[in-house]
Amino acid sequence: MNKRIIAPVQRETTFPDHDWLNVAELSDVEITSEDANYPIESALLTGRTSGWRASAPGEQTIRLLFFHPQQLRRIRIHFVEIHTERTQEYVLRWSPDNGQTFREIVRQQWNFSPHGATNEMEDHHVELSDVTVLELRIIPDISGGNAIASLAQLRLA
């Protein structure tokens with residue numbers, strides 16, 4: 001029997017912080033609400049750790065309005081909930097025409113539990129060209145409870 005040692009298969013390309021897009025330089029941001037102690041910059045910019053939090057319960061929208069059309073290959077979203085058991089839904093959409101029409105990238109639900117699943121990290125590999133708007137809608141509790149939406153991190157490459 002002949003045998004050879006081969007290198008392990010790499011499952012994911014790593015992106016150092018310098019490969020993430022600097023959305024502060026590339027876009028304006030619109031949000032439906034914001035807790036002053038948890039501004040949206042804390043979720044969008046590298047080197048920040050507190051994340052964003054809404055100022056009121058209910059559905060929230062975060063919208064990036066790009067100054068120039070962007071090509072996106074990767075969208076990483078990170079949610080953290082350590083206090084409340086709930087089912088959250090998020091919808092990620094993009095627009096090639098400054099928000100006149102939108103195309104859905106993903107719609108997903110996640111069950112948070114303080115004694116189990118407290119983190120949701122989604123790494124979406126995409127091939128999107130001419131993105132003028134990227135929108136994240138968060139329904140923090142699909143049962144209609146008083147949960148407050150939060151976002152630990154949103155990164156784009």
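Note that the structure is predicted; figures quoted are calculated from it, not measured.
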**Item:** Shared-cluster residues of Phe102, by chain and number - hydrophobic side chains joined below 4.5 Å
**Value:** Leu65, Val133

**Item:** Pairwise side-chain contact, Glu85 with Pro114, heavy-atom cut-off 4.5 Å (strictly under)
**Value:** yes

**Message:** Do Ile77 and Phe66 sit in one hydrophobic cluster, given that two such residues count as connected whenever their side-chain heavy atoms are within less than 4.5 Å of each other, even indirectly?
**Reply:** yes

**Asked** What pairs with Leu45 under side chain to side chain contact (heavy atoms under 4.5 Å, CB included), at least two apart in sequence or on another chain?
**Response** Asn22, Val23, Ala24, Glu41, Arg48

**Item:** Reference residue Asp123; test salt bridge (Lys or Arg N to Asp or Glu O under 4.0 Å); the match among Arg73, Arg74, Arg76
**Value:** Arg74

**Prompt:** What distance separates Arg137 CZ from Glu59 CD, expressed to the nearest 0.5 Å?
**Reply:** 4.5 Å

**Prompt:** Atom CD in Glu127, atom CG in Leu72: separation rounded to 0.5 Å?
**Reply:** 10.0 Å

**Item:** Trp52 side chain near Val29 side chain, heavy-atom distance below 4.5 Å
**Value:** no

**Message:** Checking Ser50 now: which residues fulfil side-chain hydrogen bond (donor to acceptor under 3.5 Å, both in side chains) with it, not counting sequence neighbours?
**Reply:** Ser42

**Asked** Which atom pair, heavy atoms only, marks the closest approach of Ala36 to Pro39?
**Response** O-CD, 3.9 Å

**Asked** So which heavy atom on Val80 is nearest to which on Ser150, and how close?
**Response** O-OG, 3.6 Å

**Prompt:** Ile138 and Ile40: same hydrophobic cluster, using ILVMFWY side-chain contacts below 4.5 Å?
**Reply:** yes

**Asked** Nearest heavy-atom pair of Ala54 and Ser33: which atoms, and what distance?
**Response** CB-OG, 3.4 Å

**Request:** Have a look at Leu156 and tell me which of Leu64, Val131, Leu44 forms a side chain to side chain contact (heavy atoms under 4.5 Å, CB included) with it.
**Result:** Leu64

**Prompt:** What is the distance from atom CG of Asn119 to atom CZ of Phe112, rounded to the nearest 0.5 Å?
**Reply:** 7.5 Å

**Request:** Measure the OG1-CG distance between Thr46 and Asp19 for me, rounded to the nearest 0.5 Å.
**Result:** 11.5 Å

**Request:** Flag yes if Met121 and Trp20 sit in one hydrophobic cluster, no otherwise; membership is Ile, Leu, Val, Met, Phe, Trp, Tyr, and two members link when side-chain heavy atoms are under 4.5 Å apart.
**Result:** no

**Request:** Side-chain contact test, heavy atoms from C-beta onward, threshold under 4.5 Å: evaluate it for Thr101 versus Pro96 and give yes or no.
**Result:** yes

**Request:** May I ask you to test the Ile75-Leu134 pair for a side-chain heavy-atom distance under 4.5 Å?
**Result:** yes

**Prompt:** Does Ile142 belong to the same Ile/Leu/Val/Met/Phe/Trp/Tyr cluster as Phe79, with side-chain heavy atoms less than 4.5 Å apart forming each link?
**Reply:** no

**Prompt:** Tyr90 versus Leu136: any side-chain heavy-atom pair under 4.5 Å?
**Reply:** yes

**Message:** Nearest 0.5 Å, please: how far is NE2 in His78 from CD in Glu122?
**Reply:** 10.0 Å

**Prompt:** So which heavy atom on Ala147 is nearest to which on Pro140, and how close?
**Reply:** O-CG, 3.4 Å

**Request:** Please report the C-alpha distance between Glu81 and Gln88 in whole Å, then the side-chain angles of each, then the deciding distance to 0.1 Å, and finally whether the side chain to side chain donor-acceptor pair (under 3.5 Å) criterion is met.
**Result:** CA-CA 10 Å; Glu81 172 60 75; Gln88 171 179 286; over 6 Å; no

**Asked** Do Val126 and Leu154 sit in the same hydrophobic cluster, where Ile, Leu, Val, Met, Phe, Trp and Tyr count as joined when their side-chain heavy atoms come under 4.5 Å apart?
**Response** yes

**Message:** Which residues pass the side-chain hydrogen bond (donor to acceptor under 3.5 Å, both in side chains) test with Arg93, not counting sequence neighbours?
**Reply:** Glu135

**Pairwise distance CD(Gln109) to CD1(Ile139) - rounded to 0.5 angstrom** = 8.5 Å

**Request:** Could you pull out the closest heavy-atom pair between Trp94 and Ile105, with the gap in Å?
**Result:** CD1-CG1, 3.5 Å

**Item:** Partner set under side-chain hydrogen bond (donor to acceptor under 3.5 Å, both in side chains) for Thr32, not counting sequence neighbours
**Value:** Gln60

**Asked** Are any side-chain N or O atoms of Thr132 and backbone N or O atoms of Asn98, one a donor and one an acceptor, separated by less than 3.5 Å?
**Response** yes

**Prompt:** Do Val91 and Glu89 have side-chain heavy atoms sitting under 4.5 Å apart?
**Reply:** yes

**With Ser143 via side-chain hydrogen bond (donor to acceptor under 3.5 Å, both in side chains) - residues at least two apart** = Asp141

